[in-house]
Amino acid sequence: MNETILRTEGLKTFYILDVFGTQKVVKAVNNINLDIRTNEVYGIAGESGCGKTTLLKALAAAIEPPLRLVDGYIFYYVDGKPVDVSTLSPEAKRKLRLDYIAYVPQGSMSALNPVIKLKETYRDFIESHVSGKTKEETVAMAEQHITELGLPPKILEAYPHQLSGGMRQRVTIALAALMKPAIIIADEPTTALDVVVQRGVVQLLMDIQKKLKNTIILVTHDMGVQANIADRVGIMYAGKIVEESTTEKIYGDPQHPYTKFLINSLPQFGDKSPRQSVPGSPPSLIDLPSGCAFHPRCPHAMGICAEQTPELITLDTDHKVACWLVGGQHGKTA
Amino acid sequence: MTFVKRYLIPRLIQYVLVIWLGITVVFLIPRITPNDPVMRMIDQMQARGSTLEPGTMDAIIRDLTQMYGLEGSWLDQYWAFWGRLFRGDLGVSFFQFPTRVNKLIFTAMPWTLGLLLTTTAITWTLGNIIGGLAGYYSRKGWSRILDAVAMVVRPLPYYIFAFMLLLIFAYVVRWFPITGGASLGAIPTFTWAFIKDVLWHSALPAISLIVLGGAVTFQTMKLLVQNINAENFVQYAKLGGVKENRIVGKYVIRNALLPQITGLALGLGQIFSGALITEIVYGYPGLGMLLYRAIVNGDYNLIMGITIFSIFGITTAILIVDLTYPLFDPRVRYT
Ligand SMILES: Nc1ncnc2c1ncn2[C@@H]1O[C@H](COP(=O)(O)OP(=O)(O)O)[C@@H](O)[C@H]1O
Ligand code: SF4
Ligand SMILES: [Mg+2]
């Protein structure tokens with residue numbers, strides 16, 4: 001197995017809101033342990049509102065009020081050595097962005113400054129990380145970068161509104177790869193695009209990964225996209241990872257009832273029976289159900305499910321599940 | 001070029017039409033109001049105690065009617081009105097008879113333009129810079145303090161604020177003069193002494209305009225910046241490690257300024273009407289004061305003259321905004 005590139009330990013990040021004088025706490029990331037390796041595509045899946053975007057913000061060291069780091073650690077493995085992100089100065093963090101970790105945010109179709117040409121955006125990104133280049137050298141570097149990724153270099157002369165949504169999305173992703181980062185985080189990069197364009201975007205991500213041999217953390221609620229490109233998948237529910245394994249095991253031998261629902265909701269080739277979606281709706285992260293947060297929607301819920309939270313336990317070396325059905329008594333196999 | 005055909009020409013036609021319409025309304029209003037300006041003038045003469053013989057009275061009425069362009073049918077008057085306008089003749093003033101309206105306006109105009117162009121420029125620049133920074137650093141203490149100050153200042157009615165300044169700084173502590181645009185008898189020259197005198201007289205009106213106007217610009221800009229700051233492209237630049245000074249200037253402020261540019265031009269267009277209260281409170285000899293006296297004295301020609309100037313001012317300002325806006329915002333570029 002490859003070495004670790006990013007790790008979290010008991011990570012808790014909550015939105016702490018002040019609503020008309022009373023404090024509301026949205027437990028969007030609630031005790032998450034991740035160990036992400038070099039040269040892998042790690043997929044994160046789960047329904048909308050379960051905290052995926054919030055987790056990515058934390059991983060990208062972009063925790064800003066009202067979001068707070070309540071507990072736990074995030075470690076970046078810069079040159080193989082772990083660095084506790086919370087100890088970094090703002091300038092040190094800024095330097096790591098794009099160099100070590102790049103983030104393609106959700107809704108990145110509007111991620112480009114509308115009043116400047118793409119060439120200018122490229123210059124801003126390059127000149128913030130590389131010094132001592134003339135304007136011409138910078139533009140040449142941008143052109144080369146765009147061309148290498150199979151995009152037409154003439155788009156550098158365009159303003160964002162002159163490009164199609166899919167092209168804007170691809171430029172945004174290309175920009176993330178600019179400084180050859182060790183990790184690229186992409187949040188729902190294919191949502192809101194039509195199928196053909198989606199394929200182009202996924203292909204671009206894969207091309208970049210193959211070229212840089214780096215890590216991609218890909219969030220999408222589209223289980224089909226995950227199945228195609230992820231090496232490992234983490235299933236997120238109500239701020240927690242409830243199951244994590246290799247893509248083969250997640251799809252071939254899912255253990256958690258929620259994972260099974262997600263996979264069953266995938267359209268299958270030749271199967272005409274209507275796809276079932278997960279019954280009910282996700283819980284409020286302000287007022288979580290007791291015990292296993294999935295129990296109000298789970299067809300297998302037992303007495304203990306509403307009382308105690310199941311820990312994420314390791315089944316095989318690379319398969320972890322948090323469910324009372326799996327692995328017997330709490331703690332036995334942990 | 002399609003820009004000329006599709007945009008410039010229609011826009012210029014619209015500009016001319018709006019001016020034509022506005023000036024036609026200016027022509028019609030005194031003629032459809034029941035107040036007959038000539039009879040009003042005669043009444044004023046009589047009120048001042050002059051007794052007129054019937055023959056003299058008729059002669060005066062005839063002369064006045066001719067002088068004010070009220071002879072013949074409305075259509076005749078309308079043609080004559082435009083004829084005079086094209087010659088740049090706005091007629092004579094009633095209350096400073098027989099001074100020409102043009103002369104009154106051109107004497108008053110530099111005062112108003114000088115005061116309002118300067119204060120508008122200062123207000124806009126300072127309000128946007130401070131508001132922009134306060135919006136970007138909205139969590140900092142100084143930003144919150146400025147916000148609180150703006151919140152207190154802004155709802156003050158302008159004339160009360162202006163009077164307060166006058167009372168404190170011209171009456172109680174006497175740092176500044178009570179009234180006027182320059183000392184009595186001072187001769188307008190390009191000497192340092194005269195300029196100093198003008199600056200000293202315009203300090204209070206300028207401060208009143210800058211403080212209240214600045215509070216509005218500050219608050220608007222702060223809000224705009226806070227909104228832009230949450231936009232995806234700003235977040236993305238931050239996540240890409242773009243240096244902060246670039247983000248503040250090129251990403252946040254530049255986008256937030258777009259609506260403020262429109263606001264600036266519209267503000268400039270309203271200089272003529274905007275000066276009214278300031279000039280009355282501070283006895284400042286500009287167009288606002290002139291308009292005020294024209295209204296009080298029922299001086300139709302003068303009111304019309306000033307109105308025509310402000311119609312030109314406002315429509316031209318809007319035209320300039322429309323024509324230059326594409327330079328700032330590529331999304332509305334007409335290609
Ligand atoms: N800026 C915010 N302030 C308060 N609550 C937020 C904010 N952003 C997200 N949330 C809440 O946090 C929870 C998780 O949101 P998110 O991480 O966006 O989920 P996902 O990406 O899985 O859809 C949701 O309940 C959402 O309402
Ligand atoms: S712990 Fe209980 S409620 Fe939760 S998923 Fe497993 S069986 Fe269902
Ligand atoms: Mg999301």
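Convention: sequence-line order gives letters A, B, ...; per-chain numbering from 1. Below, each value reflects all heavy atoms present in this structure, side chains not excepted, and no hydrogens, waters or symmetry copies.
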- Query: Taking atom CD of A:E127 and atom NZ of B:K243, what is their separation to the nearest 0.5 Å?
  - Reply: 9.0 Å
- Message: A quick test of your reading: do over 12 heavy atoms of other residues, nucleotides or ligands sit less than 6.0 Å from OH of A:Y73?
- Response: no
- Examine whether an atom of A:L175 lies under 4.5 Å from a heavy atom of chain B, and if so say whether it belongs to the side chain, the backbone or both; otherwise answer neither. both
- Item | Separation of B:Y251 OH from A:T121 OG1 (nearest 0.5 Å) | 4.5 Å
- Task: Please report the shortest heavy-atom distance between B:R331 and A:V115, naming the atom on each side.
- Result: NH2-CG1, 4.0 Å
- Check: B:G240 main-chain N/O paired with A:R97 side-chain donor or acceptor under 3.5 Å: no
- Closest non-hydrogen atom pair between A:D124 and B:R246, with its separation: OD1-NH1, 2.7 Å
- Given a strict heavy-atom distance threshold of 4.5 Å, which part of A:P65 is in contact with chain B: side chain, backbone, both, or neither? both
- Query: Nearest 0.5 Å, what's the OH-NZ distance between A:Y103 and B:K238?
  - Reply: 13.5 Å
- Note on the structure: What one should report as the nearest heavy-atom pair of B:Y236 and A:A111 is CD2-O, 3.4 Å
- Message: So which residue, B:R139, B:E231, B:K250, B:E244, ends up with the most heavy-atom pairs under 4.5 Å with chain A?
- Response: B:K250
- For atom CG of A:D79, is the number of surrounding heavy atoms from other residues, nucleotides or ligands below 6.0 Å larger than 12? no
- Query: Side chain, backbone, both or neither: which part of B:L258 has a non-hydrogen atom closer than 4.5 Å to chain A?
  - Reply: side chain
- Message: As an exercise: rank A:P90, A:A61, A:S128 by heavy-atom pairs under 4.5 Å with chain B and give me the winner.
- Response: A:S128
- Item | For B:N255 against A:N113, the heavy-atom pair lying closest together | ND2-OD1, 2.9 Å
- B:F163 atom CZ, over 12 foreign heavy atoms within 6.0 Å: no
- Which atoms of A:E120 approach chain B - backbone, side chain, both or neither, heavy atom under 4.5 Å: both
- Heavy-atom closest pair, residues B:P330 and A:P114: CG-O, 3.4 Å
